[in-house]
Structures are given as structure tokens and as C-alpha cells.
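Input: a single structure, listed below in C-alpha cells.
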Number of protein chains: 2
Amino acid sequence: MQLTRYTDYSLRVLVYLGMKTDGWATITELAEFYAISRNHLVKVVHHLAQQGFINTLRGKHGGMALARAPGLIGIGDVVRRTEPNFHIAECFNPTADHCVLGPNCRLKSMLNEANLAFLGVLDRYTIADAVANQGLLASLLPGPK
Amino acid sequence: MQLTRYTDYSLRVLVYLGMKTDGWATITELAEFYAISRNHLVKVVHHLAQQGFINTLRGKHGGMALARAPGLIGIGDVVRRTEPNFHIAECFNPTADHCVLGPNCRLKSMLNEANLAFLGVLDRYTIADAVANQGLLASLLPGPK
DNA sequence: ATTAAGATGTATATAAGATGTATCTTATAT
DNA sequence: ATATAAGATACATCTTATATACATCTTAAT
């Protein structure tokens with residue numbers, strides 16, 4: 001059981017932005033910092049902007065910043081809007097479900113409850129919580145331009 | 001976020017065995033009932049036997065049965081022992097972790113807490129709970145030989 | 001001895017996910 | 001105005017995890 005790297009990267013982008021004192025960054029800067037594919041990050045950033053988590057600006061001196069204070073961005077919310085699906089078992093996916101047990105099986109409701117518990121925990125935290133020890137993290141960042 | 005089909009099938013095998021009044025079944029019977037790959041099921045069954053959830057018998061009139069009463073087989077236990085990993089994010093996998101934030105990031109502990117909550121819910125249920133409406137399920141089964 | 005069942009190891013196919021390439025659009029500094 | 005630095009978008013490809021298939025071995029009942 002794992003989240004996609006897409007979701008992982010989404011969270012990391014938001015954490016990074018929460019870490020920066022000026023809150024402003026470019027995709028290239030992020031890709032270099034985390035040493036991950038810039039091309040992939042482009043899509044992550046684009047999606048985060050579509051979902052309203054960040055604001056982006058094209059053109060010279062463009063970049064991105066959090067759209068709200070870090071304390072107002074819930075981790076559960078990010079995961080829910082980023083993870084492609086929560087088809088814990090086959091029966092969660094209407095277009096792929098072939099299980100003959102159907103509604104007679106109680107596994108589905110158990111797994112659903114577990115999934116909600118998972119997200120419920122994440123709903124108790126925000127990006128601000130993830131960045132709590134800002135001092136240490138800041139030391140990893142490149143200095144001010 | 002989803003469990004592997006391997007885990008899904010493992011649960012279905014146990015549910016099926018819990019459903020049958022005599023508690024005895026063969027791989028072929030299971031593969032036909034669920035209309036899934038027999039070859040894949042072979043491995044699922046083998047693993048369930050290794051983990052002590054079922055007893056198997058080779059040879060003529062062989063097959064499998066639950067090793068304990070359905071009420072003593074916890075769903076969480078099955079999922080934990082069947083799902084190949086719980087690497088919720090990259091940083092959970094020691095051999096693949098490249099994230100520069102390392103221990104300075106609090107996302108990991110949040111995600112871990114969420115994962116434990118997920119399994120915690122499943123720990124409250126057993127195979128017996130999954131089979132609760134035995135009457136309905138029994139009607140789906142082939143009649144006594 | 002034969003047969004029906006599971007055990008085991010290896011190989012292959014499939015699908016999802018991650019990444020790469022190319023091109024387009026927008027903003028702004030000069 | 002124009003050049004340039006950024007993000008936006010579409011498409012192609014590579015990689016890997018997962019699922020499935022195949023072949024052979026082992027065991028037990030008849």
C-alpha cells in the first residue's frame with residue numbers, strides 16, 4: 001500500500017514553499033533541490049495550481065507560491081485531491097469490479113472505514129505542521145539570491 | 001492508494017472458506033467461483049498456508065481449510081502479512097529514499113500515523129465479521145457434492 | 001500404479017506510473 | 001518592440017510492479 005510519487009512530490013512542493021521565507025520558487029529550483037525529474041514536477045505544479053493550492057506566474061521572474069497560509073492547507077485535502085484513486089480493493093472500482101460476492105460482502109465497508117481513518121489522521125495536520133522545525137530545514141536551502 | 005490484488009484475493013479466499021459450512025475447498029473451485037486466474041490463486045493459497053492462516057492437503061481429495069475459527073483471523077493481520085509493503089511515501093523505503101529533507105520532515109510521522117490508523121480499523125474486524133450474512137452468501141455457492 | 005490435488009520456480013504479459021521531448025503561451029525587462 | 005524566462009500542454013517512451021502463464025515436482029488416496 002503506497003501513495004503515488006505524484007502525491008509525494010505534491011506534498012514536497014508545498015513543504016518547500018512553506019519553508020521558504022519569501023515563499024517564492026521556480027520549478028527548476030525545486031527539481032534541483034529534490035534532485036527529481038523536472039518534467040514530472042511540471043505536471044505536479046500545474047495540478048497544484050489547478051487545485052488552488054498554489055499561485056503561479058509565467059514570464060520572466062515567474063514562479064509559484066502558496067495560495068494560502070501553510071496552516072490553512074490540510075494534508076488530507078492535498079492527498080485526497082492528488083492521489084488518482086482510492087480503490088482499496090477491486091470492489092471499489094465500479095468499472096473493474098467482478099467480485100461475485102457484491103453487496104453481500106462486508107469487507108468493502110471495513111476497508112472503506114479504514115481508508116477514512118487514514119485520511120482522517122491526515123486531516124488533523126497542515127503544511128505548517130510538516131514544516132514545524134523550520135530552522136533546521138532552512139539551513140538546507142540555498143541562501144537568498 | 002490501493003491494496004494489491006494479491007491481498008484482495010487473499011481476503012477473498014479466507015472469506016470463501018469462512019462461508020462454506022464444511023470449510024473445505026480446492027484452488028480450482030475458488031478460481032472458478034471468483035472467475036480469477038487459477039495460477040495466481042495458487043500463489044495466494046500457498047502464501048496463506050505459509051503464514052498459518054489455512055491448512056492445505058495435497059493429493060487426491062486435497063484442498064484447504066481455515067487453520068483457526070473465522071473469528072480468530074483478524075483482517076488487519078491478514079493485510080499486514082499479505083501486502084508486499086507499506087511504503088506510503090518514498091522516505092518509508094530505506095533503499096529508495098532520496099529525499100534531502102530526511103528526518104527534518106514531519107510528513108513521514110504523519111503518514112505513518114495514518115497508516116497505523118488504517119490498520120487499526122482493520123484490526124477490529126475478523127473474517128467472521130466479513131461473512132456475517134452467511135445465509136445470503138451460501139446461496140451463491142454450489143450445492144453440496 | 002494411477003490420479004488428483006497442492007508446491008515451487010521460472011518466464012512472460014500487462015498496466016500503471018514515471019519520465020522525456022517538443023512546442024506553445026504568457027509576462028516582463030530591456 | 002523584442003528577446004527571454006518562465007509556466008502550460010500534448011504526446012511519446014521508458015520502467016517497474018503486478019498479474020498471469022507454464023512447466024515440473026511432490027504428496028496422498030485409491
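The chains referred to below are lettered A, B, ... by the order of the sequence lines, with proteins before strands, and numbering in each begins at 1. Only this structure's heavy atoms are used, side chains among them; waters, hydrogens and symmetry mates stay out.
- Atom-to-atom, OH of A:Y6 to C1' of D:dT16 comes out at 20 Å; the value is rounded to the nearest Å.
- With hydrogens and angles left out, the side chain of A:K60 and the base of C:dT30 share no donor-acceptor pair within 3.5 Å.
- The CD atom of B:Q2 sits 15 Å away from the P atom of D:dA17 (whole-angstrom rounding).
- Along DNA chain D, the nucleotide closest to A:G59 and the one closest to A:Q50 are compared, and the more 5′ of them pairs with A:G59.
- Residue B:T56 has a polar side-chain atom (N or O) positioned under 4.0 Å from OP1 or OP2 of C:dA7.
- There is a path of hydrophobic side-chain contacts, each under 4.5 Å, that joins A:V100 to B:L41.
- Contact of A:K43 with C:dG20 (side chain to base): a donor-acceptor pair of N or O atoms is detected under 3.5 Å.
- Each of A:R5 and B:H61 was assigned the nucleotide of DNA chain C with the nearest heavy atom; the assignment lying further toward the 5' end belongs to B:H61.
- Proximity note for A:T4 (side chain, C-beta onward) versus D:dT9, C:dG6, C:dG17: the nearest is C:dG17.
- With both pairing distances under 3.5 Å, C:dA27 is matched to D:dT4 as a Watson-Crick or G-U wobble pair.
- Within the 4.0 Å cut-off from OP1 or OP2 of C:dG20, at least one side-chain nitrogen or oxygen of A:S37 is found.
- Each of B:V131, B:I73, B:I54 was compared with B:L17 under the side chain to side chain contact (heavy atoms under 4.5 Å, CB included) criterion, and only B:I54 meets it.
- The distance between atom CH2 of A:W24 and atom C1' of D:dA6, rounded to the nearest whole Å, is 10 Å.
- B:M64 places its CE atom 12 Å from the C1' atom of C:dA7, with the value rounded to the nearest Å.
- Judged purely by atom type and a 3.5 angstrom limit, B:N93 has no side-chain atom pairing as donor or acceptor with the backbone of B:H87.
- Closest non-hydrogen pair, B:L111 versus B:A89, comes out as CD1-CB, 3.9 Å.
- When the side-chain nitrogen and oxygen atoms of B:Y9 are compared with OP1 and OP2 of D:dT18, none of them lie within a distance under 4.0 Å.
- Listed pair B:N39 / D:dT20 fails the phosphate criterion, with no side-chain N or O lying under 4.0 Å from OP1 or OP2.
- Listed here is the closest heavy atom pair of A:W24 and A:G62: NE1-O, 3.4 Å.
- The base of C:dT25 sits within donor-acceptor range of the side chain of A:R58, with an N or O pair under 3.5 Å.
- Counting to the nearest Å, the C1' atom of C:dG17 and the CG atom of A:L41 are 15 Å from each other.
- For A:T26, counting side-chain heavy atoms from C-beta on, the closest listed nucleotide (C:dG6, D:dA6, D:dA19) is D:dA6.
- One finds a side-chain N or O of A:H46 lying less than 4.0 angstrom from the OP1 or OP2 phosphate oxygen of D:dT9.
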